[in-house]
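Counting begins at 1 with the first residue of the sequence.
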Amino acid sequence: ITSSQYVGKRTQSAFSAAIQIDVTSTNVINTKALLLKNMAIVDCKDMSGNATYTFATQSFLPTDSISIYIQPGTCT
């Protein structure tokens, strides 16, 4: 994996939630998932295999941009 970006659709209202991702891949060793709000990292999860990973609860405004990046390496 070099880098992958996932951007989801959501309703245009403010919300607070813990976002979950389901990972199924043959290549997730030494890989991390980054949650970004307005292009700033707000959480990082080390991935060790196929599983559901849950980011810490965040508050989002309707104008916020939310992205999840999958990248090689570990969270620091």
Could you tell me which non-hydrogen atom of Thr74 sits nearest to which non-hydrogen atom of Asp46, and how far apart they are?
CA-OD1, 3.2 Å

Heavy-atom closest contact (Thr54 atom, Lys45 atom, distance)
O-CE, 2.8 Å

What pairs with Ala56 under side chain to side chain contact (heavy atoms under 4.5 Å, CB included), at least two apart in sequence or on another chain?
Asp43, Gln58

Pairing residues for Ser48 by the side chain to side chain contact (heavy atoms under 4.5 Å, CB included) criterion, not counting sequence neighbours:
Tyr53

Side-chain donor/acceptor pairs under 3.5 Å, residues 32-40, sequence neighbours excluded:
from	atom 1	to	atom 2	distance (Å)
Lys37	NZ	Ser59	O	2.9
Asn38	OD1	Ser65	N	2.8
Asn38	ND2	Asp64	OD1	2.8

Taking atom types as modelled and ignoring hydrogens, do the side chains of Thr52 and Asp22 form a donor-acceptor contact shorter than 3.5 angstrom?
yes

Would you list the pairs meeting disulfide (SG to SG under 2.5 Å) in which at least one residue belongs to residues 37-68, sequence neighbours left out?
Cys44-Cys75

Check whether any side-chain heavy atom of Val23 sits under 4.5 Å from a side-chain heavy atom of Thr31, and report yes or no.
no

Under the side chain to side chain donor-acceptor pair (under 3.5 Å) test, which residues partner Thr57, sequence neighbours left out?
none

